[in-house]
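On a predicted model such as this, the values are computed, not experimentally measured, just so you know. Here, residue 1 is the first one in the sequence, and each next residue gets the next number.
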Amino acid sequence: MKVKLTRSGGLAGQIMQAEMEWTLPVKEYEALLKVIKGKKLKLTERKKDAFTYTLQRVGKKESTTVVEPVKIPVKYHSFFKVLFASLSANDDK
């Protein structure tokens with residue numbers, strides 16, 4: 001499955017995205033989402049300079065989930081390290 005990480009917010013407000021193929025079984029992916037899921041903040045709760053991260057299975061819009069990077073289990077650190085390093089500006093949208 002292909003996953004997309006999106007980073008939004010920050011001082012500049014620039015949206016950054018990265019996509020990668022992941023061989024993780026869907027059930028394990030869904031279990032991981034339950035662990036790293038963050039809460040979607042209301043506009044009044046957001047900090048102006050904070051980033052928001054979402055993770056999505058490409059091709060499944062309903063699967064977009066706000067995630068908290070600090071909750072990522074050690075088992076998945078190497079994958080997410082590469083995914084975060086691959087973030088680039090989304091200038092074409």
Side-chain angles (χ1 to χ4, degrees):
M1 93 180 103
K2 188 177 270 192
V3 295
K4 181 193 310 187
L5 177 70
T6 303
R7 183 186 82 180
S8 58
L11 290 173
Q14 185 176 35
I15 295 174
M16 306 280 281
Q17 294 183 328
E19 287 187 15
M20 280 183 58
E21 196 65 40
W22 202 3
T23 58
L24 193 68
V26 173
K27 287 189 180 218
E28 188 174 347
Y29 173 79
E30 290 170 354
L32 172 63
L33 286 183
K34 290 178 183 177
V35 173
I36 65 175
K37 185 176 183 175
K39 75 174 197 174
K40 190 170 185 174
L41 298 176
K42 296 177 186 171
L43 192 55
T44 56
E45 297 175 310
R46 294 182 190 165
K47 295 186 172 138
K48 291 183 181 179
D49 59 348
F51 292 118
T52 299
Y53 294 93
T54 59
L55 193 62
Q56 173 186 4
R57 281 176 52 200
V58 174
K60 294 202 78 166
K61 289 195 181 241
E62 70 278 1
S63 70
T64 301
T65 303
V66 174
V67 296
E68 293 185 32
V70 296
K71 293 183 175 180
I72 296 170
V74 173
K75 176 180 179 179
Y76 304 105
H77 279 191
S78 60
F79 175 80
F80 278 97
K81 183 177 182 179
V82 174
L83 190 60
F84 276 92
S86 301
L87 284 168
S88 62
N90 187 20
D91 294 328
D92 59 298
K93 293 188 180 184

Checklist entry - How would you list, by chain and number, every residue that makes a side chain to side chain donor-acceptor pair (under 3.5 Å) with E28, sequence neighbours excluded? => result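 Only K75, Y76 meet the side chain to side chain donor-acceptor pair (under 3.5 Å) criterion with E28.
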Item to check | Residues that K81 engages under side-chain contact (heavy atoms from CB on, under 4.5 Å), provided they are two or more places apart | outcome: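 Scan of K81 (side-chain contact (heavy atoms from CB on, under 4.5 Å), adjacent residues dropped) gives none.
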Item to check | Criterion side-chain contact (heavy atoms from CB on, under 4.5 Å) on V3 and M1, from CA distance to verdict | outcome: CA-CA 7 Å; V3 295; M1 93 180 103; 4.2 Å; yes
Checklist entry - With Y29, which residues qualify under ring-ring contact (aromatic ring centres under 6.0 Å, His included), at least two apart? => result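 With sequence neighbours excluded, Y29 shows a ring-ring contact (aromatic ring centres under 6.0 Å, His included) to no residue whatsoever.
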Item to check | M16 CE to S88 OG distance, which is reported to the nearest 0.5 Å | outcome: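 Between M16 CE and S88 OG, I get 6.0 Å after rounding to 0.5 Å.
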Next on the checklist: Just so I know, are the side chains of I36 and F80 near enough to count as touching, which here means a heavy-atom distance under 4.5 Å?
Outcome noted: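 When only atoms from C-beta onward are counted, F80 and I36 do touch, with a gap below 4.5 Å.
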Next on the checklist: Looking at every non-hydrogen atom in both residues, tell me the closest pair between L83 and A18 and how far apart they are.
Outcome noted: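 Nearest heavy atoms, L83 then A18: O-CB, 3.5 Å.
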Checklist entry - How close do Q14 and A89 get, heavy atom to heavy atom, and via which atoms? => result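 Shortest heavy-atom separation between Q14 and A89 comes out as NE2-CB, 3.2 Å.
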Item to check | salt bridge (Lys or Arg N to Asp or Glu O under 4.0 Å) involving K37 - partner list, sequence neighbours excluded | outcome: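 If we apply the salt bridge (Lys or Arg N to Asp or Glu O under 4.0 Å) test to K37, skipping adjacent residues, there are no hits.
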Checklist entry - Who passes side-chain contact (heavy atoms from CB on, under 4.5 Å) against K2, sequence neighbours left out? => result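 side-chain contact (heavy atoms from CB on, under 4.5 Å) check on K2 returns E19, E21, V58.
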Next on the checklist: Tell me every residue that passes side-chain contact (heavy atoms from CB on, under 4.5 Å) with V26, counting only those two or more places apart in sequence or in another chain.
Outcome noted: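 Expected list: E30, R57.
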Checklist entry - Atom OH of Y53 and atom CG of L87: how far apart are they, to the nearest 0.5 Å? => result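 Going from OH on Y53 over to CG on L87, the span is 7.0 Å.
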Checklist entry - T54: what forms a side-chain contact (heavy atoms from CB on, under 4.5 Å) with it, not counting sequence neighbours? => result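 With neighbours one apart ignored, the set is T6, T64, V66.
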Next on the checklist: I'd like to know whether F84 forms a side-chain contact (heavy atoms from CB on, under 4.5 Å) with I72, so could you lay out the CA-CA distance, the side-chain angles of the two residues, the decisive distance to 0.1 Å, and finally the verdict.
Outcome noted: CA-CA 12 Å; F84 276 92; I72 296 170; 4.2 Å; yes
